[in-house]
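Following: one structure in structure tokens, then a few remarks.
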Amino acid sequence: MILGSVPFLLYDFGSWVWQIFRQKMGKKRKHSETTQGVVAQPKKKMLLQRDQLGPYWGGRIRIKLLMKLRIMLIHLYLGTKRRYRHLMLNVVSLLPHCKKENKVESKESKGATLNELVELKNCSSCLFFECRKQKDLYLWMAKCPNGPSVKFLVSAVHTMEELKLTGNQLKGSRPILTFSTNFEKDAHWKLLKEMLLQIFETPKDHRKTKPFHDHVFVFSIVDDHIWFRSYQISVPHNESDKLPRGGLDKMTLIEVGPRFCLNPIKIFGGSFGGPTLYENPFYVAPNQIRALEKRKKAGKFAKKVKAKTRRKMHEISNPLEPDEFADMWKD
């Protein structure tokens, strides 16, 4: 009797579960019933209109996607010296919003190649380290794809590994950029200041950055050269020595590195080329400097040859008198 009642109990339990399921889910309504009495929701407002986006984008965009326009791509010339390669790695460690790319050959068509790579990486700026004759380092700083771009000669290079300074900073923190008052003097310095701001300033909401400042980038103009220094902002952490807000007296700066000097050569209207907006009249190419040094060395050798010929002429014109004791010990 008990075994015979088991199928009936199972059937009753299944029907009960099905009734609960129908009460929860409800009957499937027709498409005509769903459209009646439904208020149309307004479309989401675009944060930026199509005409405000400029040449970079042609469709919809959000503010978070705009951060991609601030990302910078760093290239290295194929066959670069070890010291200059270490300098590039130091710059990469200082800028968390940059992307490092493989080495690129420096040809006449390098501008088109670099612009294509920048577009593929979804960046807006580019730093290209170009080494010539294993001696001279040139830095291309460009806004892609419409320009402008600047070509620098890099000198007085000292990397972090070489200096071994005591300063330290948190990786990914945002820097404070400071410029000397000379940048407001001429139009080309103002343009260079704006390019340095857009390239070296870390975006606020970038995913790889920390939301505070603990170091300073210093750009100063001396003898028409841009000198770069990086410092850590050191603040005492003891409870007794805590600083009030705005107390800058006890803050100190400790240098981190690297150090380098930028000598602007030309400013172009386009990306890696185009019309010349500015040309440095005081720039002297390193090849000319080395040629002058060789001429100086060649001048020293010519002076030695002339001195020898003068000595011989002097000996011929002023012969020595015969010595009467010269043959004394020959017998």
For the residue pair F219 and F217, categorise the inter-ring angle as parallel (less than 30°), tilted (30 to 60°) or perpendicular (more than 60°). perpendicular
dist T178:OG1 -> R229:CZ (nearest 0.5 Å) comes out at 12.0 Å
Side chains of K143 and S125: any donor to acceptor distance under 3.5 Å? yes
Show your reasoning for whether salt bridge (Lys or Arg N to Asp or Glu O under 4.0 Å) applies to E293 and R295. CA-CA 5 Å; E293 291 178 354; R295 287 175 189 172; over 6 Å; no
Side-chain heavy atoms nearer than 4.5 Å, only ILVMFWY residues, links allowed to pass through others: does that put F128 and Y138 together? no
Euclidean distance, S93 OG relative to Q169 CD, rounded to 0.5 Å: 7.5 Å
Salt bridge present between K171 and D214 (N-O < 4.0 angstrom): no
Could you measure the distance from the CD1 atom of I221 to the NZ atom of K193? Nearest 0.5 Å is fine. 9.5 Å
Count I, L, V, M, F, W, Y as connected when their side-chain heavy atoms are under 4.5 Å apart, and connections chain through other members. Are I265 and L114 then in the same cluster? no
Identify the residue among V92, L139, L137 that makes a side chain to side chain contact (heavy atoms under 4.5 Å, CB included) with L87. L137
Which atom pair, heavy atoms only, marks the closest approach of P175 to H215? CB-NE2, 3.3 Å
Taking C-beta and beyond as the side chain, do C144 and C126 meet within less than 4.5 Å on heavy atoms? yes
E116 atom CD: more than 12 heavy-atom contacts under 6.0 Å: no
If you group Ile, Leu, Val, Met, Phe, Trp and Tyr by side-chain heavy-atom gaps below 4.5 Å, do V91 and L197 land in one group? yes
Going by atom types only, do T159 and N90 share a side-chain donor-acceptor pair under 3.5 Å? no
Is there a side-chain contact between F152 and N263 (heavy atoms, below 4.5 Å)? no
Residue pair L262 / H225, side-chain heavy-atom distance below 4.5 Å: no
Donor-acceptor contact below 3.5 Å, side chain S220 vs main chain S180: no
List the steps and the verdict of salt bridge (Lys or Arg N to Asp or Glu O under 4.0 Å) for R311 and E315. CA-CA 6 Å; R311 181 64 183 172; E315 290 177 355; 3.4 Å; yes
Parallel, tilted or perpendicular: which one describes the rings of H206 and H97, with boundaries at 30° and 60°? perpendicular
Polar contact flag, side-chain donor to acceptor under 3.5 angstrom, W189-E184: no
Applying the 4.5 Å side-chain criterion to the ILVMFWY set and letting contacts propagate, would V256 and F200 be lumped into a single cluster? yes
Parallel, tilted or perpendicular: which describes the rings of F272 and W140, with under 30° parallel and over 60° perpendicular? tilted
Heavy-atom distance under 4.5 Å between the side chains of V154 and C261, does that happen here? no
For the student: nearest non-hydrogen atoms of E201 and L177, plus distance: N-CD2, 4.1 Å
May I ask you to check whether K99 and N122 show a side-chain donor-acceptor distance below 3.5 Å? no
Ignoring hydrogens and angles, tell me if any N or O in the side chain of Y84 forms a donor-acceptor pair with the backbone of E130 under 3.5 Å. no
Can you confirm if the NZ or CZ of K151 lies within 45° of the ring axis of F268 and under 6.0 Å from the centre of its six-membered ring? no
Carboxylate-amine/guanidinium proximity below 4.0 Å for E162 and K164: no
